[in-house]
Amino acid sequence: MASSIPGPGTPSPPPAPRGRRARLPATGRVGLGILAVLALVAAIGPSLTLDPYAQDLARALEGPSRGHWLGTDQLGRDTLARLVAGSRLSLLIGVGATLFGLVLGGSAGVVSGYAGGRLDGAFTRIVDMLLTFPGVLIALMVVAVAGTGVTNVLLAVGLRAVPVFGRVARASTLVARERDSVTAARALGASPARILVRHIAPTLINSIVVLAALQVATAILVGATLSFLGVGVPPETPEWGAMLNTGRRYMLQHGQLIVYPGVAIMLTILGINLFGDGLRLALDPRRTRGVLLEL
Amino acid sequence: MRSRTLVFLAALVALGGIAASAQAQSLTVLLPSEFANLDPVEILSGDQTMVMYHVYCRLYTFNDDMEPTPDLIAHESLSADQRTWTLKLKRGARFHDGTAVNAEAVKYTIERMRRKGGSQRVLFQAISEIRTEGEDTLILTTQKPFPSLRNSLAHPNAGLVSARADAALGDRYGVQPVSCGPYAFKEWTRGTRIVVVRNDAYHGARPTYDQIGFQFVPEVTTRLFMMQRGQADIALRLGPAEARQLEGAKGVRLLRIEGRNIFYQLNLALAPTSDPRVRQAINHAVDKTAIIQRVLQGAGAPARSVIESMLWGHTAVGTWAYDPEKARQLLREANAVGARVVLLSPENRYLLDSQVSQAVAGYLKAAGLTVDLRVIGDWAGYIDAIKKKDFNLYMLGWGGSTGDPDQVLQSIFHSRRAGALWNLGAYVNKDVDALIDAGASTFDETRRRRIYADVQKRIFDEAPWLFMYRVTSFTAVGDKVKEIHTLQGPEFHYVFPLAR
Amino acid sequence: MLTYLLRRLARLAPTLLLISAVVFILLRLVPGDPATVLAGQDASPEIVAGIRARLGLDQPVLVQYAVYLKNVLRGDLGQSIRSKQPVLEELAGRLPATLLLGFTSIALAFVLGLALGMTAAVRAGRWPDVALLVFALLGVSAPSFWLGLLLVLLFAVQLGLLPVAGSDSWAHLVLPVATLMPNSLAVFARLSRSTLLEVLGEDFIRTAVAKGARRTQVLWRHAMRNALIPPVTVAGLEFGRLFGGVIAVETIFAWPGAGKALVDAIATRDYPMVQGIVLALALLFALLNLAVDLLNGVIDPRARHA
């Protein structure tokens, strides 16, 4: 999502002043609602639905029925069960990959921004280079090398996010470094590690949290794209992108197969975007509008 | 704003319509896959073969029953020891660059294949000596009597190469081949199409069309759609669902192709599939009929032997009935309940291959095995994976492209190749070896048939495969196409008159 | 301006060097041997070894890379393992199709996005604005490959209106572009709307209005120029993102471009092709970003010194 990559002109928002309660705007609350439902489905859904792997060829490609609320796929597997199982996988890949990128990219960015000098120059150069490169391309290369499977998709998608977090963390650190509290701590002889952890990291939280929320959407999208291209998770896996890839072969007989997983992806990303944008608004008192939604 | 957009869109559509209107006397053929080149030393795929069949000529060619018939041969004779063939070539045939098609050119082609280490040089491995006598006479000596020599020479990979063009073009030869077929190569737009034009100097009957465009359209729905709208004259490898859409369509007829024999090779050198009872259990555990009906949507027929009916030696030995109870029983006897099996599957190599493998895995699980299904999307990676030989089952398809059973038996069941491609399952049976060798050097066809019937029965009983099905596909053919020939096993067509 | 341009161009070299090295070494780690693929179904180990030697695959990785680099500097990107043709030539056949698809999509998205965004800004809070919001939300949330499938289902299967594959005429562009565009269109529309609103609230605009300038005149002469900057800035990034969709869209619509060629090359372990395509794309994206920066400099002189 472009909305998740702040342009060069947008410095990180400073933390909300204490005492002023950050309030999520209505759209953000809608997003939060969607995400809450999704999280609930991912958490307890699989225990309520049928086995997403259980095949019954005699009941292949059926429409909705009492036994199968959303019908079945080409192997007679329950579409609803696969969608629900897919929500868990999508969230796992989305959140997991984002955390991976956050930890790696975030810490590199903070160190680089704080250290400055040559190191910072090289870091900036590399990050800028990687950012001009399409994320899908980076993920595609990683999967080509590491092979397919859920873990590798997670790593590939996560690696893609490293420069994104690196850039924002660095930019925020540059601002934070010049704060009085940091200068004072340095003058008092605090070690760089202590300064980073105690004084700089907390100031980054707002910008990183907003970015992370929105990055989950991108991660889910890139993960689904890999599976759609057939280089992501194994084809029997109930993953939304993989379901679309398989479903399109049966598109003529059973168009439903390409509708449900797409709607699931769209709703998820919609929820994240609404929530993330609302979060940005709530955390940045100077802002009167988010990027995406402002009305 | 909106109305202007609509006008713009309408103009685009109109432009597209004009561009799409076909030229007179030209054919558009839709192929599912593109390939690297059109060089006879390279890998074989049905789509590649189809184009090569129109550009290349060979000494022999296949008729509709996949029997080799003379094309450039005026006269053939075989020595008393059945090892020396004297082939007299027709005069007057020319390559597209004008050089003569003579005995020297054939010798050059065979030696080129050997020099370049082409994938199909196995076709000529029986030939120990090549001599030419004058312009037109070629003398081939084989190590042992080799009855399927004509099949080898009719094979698409035995297409004749113009030595002059080969020398002049070097590595470019494969993408602008020069041979002596009914159509001459014109151009190749990567990712889009290959165009060939009529060879007016063709030695056989005059080719029907001015030009043929072979267009690469990977999506099956797109091939269907283009056929429905009259944007194409031939569309290959439609599934049953697409075929149903075309039923009763005006100006379109459907050809049913009984294609490759699809199976899973079982590993006889690795537990638990080393136990014959486990192999039998696997064959009983899988409901092939349901897979054909549901997963393939009817696009197949149960396999009845290791040699399928596209080859002349075929004997319908039988099928392993779906009997889950018996499968469980056999597994219990073999003490293999819960045993882990590794199942390897390619993806997008054969019709719905990974879907079928998922279904098979489901059945094996139901029978009481623990299945580790690994789908490997790229063919190179797949070959690497099966060569590690840690599989219990892997999927393969065999088309019988020489029209002779010797090829499949030598490749998959002779112990000489045990542990190597394609006998990776290490099938070893000395009696079967002896029979294969005997069949390969026996000219008497009745005797050969008997030998091969025996071989097929013996192999079937040992269950070295999970026998699956012969895959069916459909080719849609438009009105404009008057004459079309089909080679079933290799799954392709040609659209020029058959020699004589 | 010229020195700035030269400096930026000079900075490209190490970037490309780095990318080529990373890609080269990564690809050598890939399991799967291209020689085996080339040798085919019945090849003996000797044949495979011969092919490996011919391709130089038996050399140490660093030697292979040094040779590769030397050749690249001479304008030789190597030879495709599959087709045996120069990679440069293969690229020349593929890249234009991708560029046509990419540029048409991004240009249309930009122009339409700006138009929609401004319409919404001028009518802020009224129905066109709300409609745009809904569209933008769906636009950024729907994956392009899914949109492509739905369009195929609708136009090809149900309506039988537009060609769904190939690249023979302008009509073939319609569906792929319609698939790729909405995502970026939504971003451009929202961005131009918000910046225009912001600009309209600035003092100099109020002053101009107060001085009696006509509303449309103010809008075109003062507001537009400023409102263009953010969309132009993100255009470079947007193009990169759009390319992610291009790979899937080329596959769906059989568009003979570089994205599809890349997926094919990865699948067949055609190292030289993968390297060539990635290098070409890296150069493309780097140049695009440079162009965007320059364009920004033209619109907003302050940006030149940033």
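Below, chain A is the first sequence line, B the second, and so on; all start at residue 1.
- With chain A as partner, the option from L150(C), L138(C), I19(C), L284(C) having the largest number of non-hydrogen pairs under 4.5 angstrom is I19(C).
- Here the OG-CG distance, from S141(C) to L270(A), works out to 4.0 Å after rounding to the nearest 0.5 Å.
- We find the CG-CG distance between L252(A) and L153(C) to be 8.0 Å, quoted to the nearest 0.5 Å.
- The CZ atom of R241(C) sits 13.5 Å away from the CG atom of L131(A) when rounded to the nearest 0.5 Å.
- Most heavy-atom pairs under 4.5 Å with chain A: of the set L288(C), V22(C), V278(C), this distinction falls to V278(C).
- Distance alone, capped at 3.5 Å, places no donor-acceptor pair between the W146(C) side chain and the L244(A) backbone.
- Options P230(C), G259(C), P143(C) differ in how many heavy-atom pairs under 4.5 Å they form with chain A, and the most are formed by P143(C).
- Below 4.5 Å, heavy atoms of chain C meet heavy atoms from R125(A), I126(A), all part of residues 119-127 of chain A.
- Using a 4.5 Å cut-off on side-chain heavy atoms (C-beta onward), F285(C) and P134(A) make contact.
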_Using the rule given for side-chain contact (heavy atoms from CB on, under 4.5 Å), can you reason through V136(A) versus F243(C), listing the C-alpha separation, both sets of side-chain angles and the distance that settles it, and then say yes or no?_
CA-CA 8 Å; V136(A) 173; F243(C) 189 84; over 6 Å; no

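- Under the 4.5 Å side-chain criterion, counting only non-hydrogen atoms from C-beta, L137(A) is in contact with I247(C).
- Considering OG of S144(C) and CG of L221(A), their distance stands at 7.0 Å, rounded to 0.5 Å.
- Proximity to chain A (any heavy atom under 4.5 Å) is restricted, for V274(C), to the side chain, taken from C-beta onward.
- Under the side chain to side chain contact (heavy atoms under 4.5 Å, CB included) criterion, D73(A) pairs with L75(A), R77(A), R82(A), L257(A), sequence neighbours left out.
- Judged as a side chain to side chain contact (heavy atoms under 4.5 Å, CB included), and not counting sequence neighbours, the contacts of I277(C) are L91(C), A258(C), A261(C), L262(C), M273(C), L281(C).
- With a threshold of 4.5 angstrom between heavy atoms, L229(A) approaches chain C through side-chain atoms but not through N, CA, C or O.
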*Apply side-chain contact (heavy atoms from CB on, under 4.5 Å) to the pair F228(A) and I252(C), showing each step before the final yes or no.*
CA-CA 10 Å; F228(A) 178 76; I252(C) 296 174; 3.8 Å; yes

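- Residue A139(A): no heavy atom, backbone or side chain, is found under 4.5 Å from chain C.
- Taking T119(C) as the reference, R123(C) meet the side chain to side chain contact (heavy atoms under 4.5 Å, CB included) condition, with sequence neighbours excluded.
- Among the candidates V143(A), L140(A), N245(A), the residue making the largest number of heavy-atom pairs closer than 4.5 Å to chain C is L140(A).
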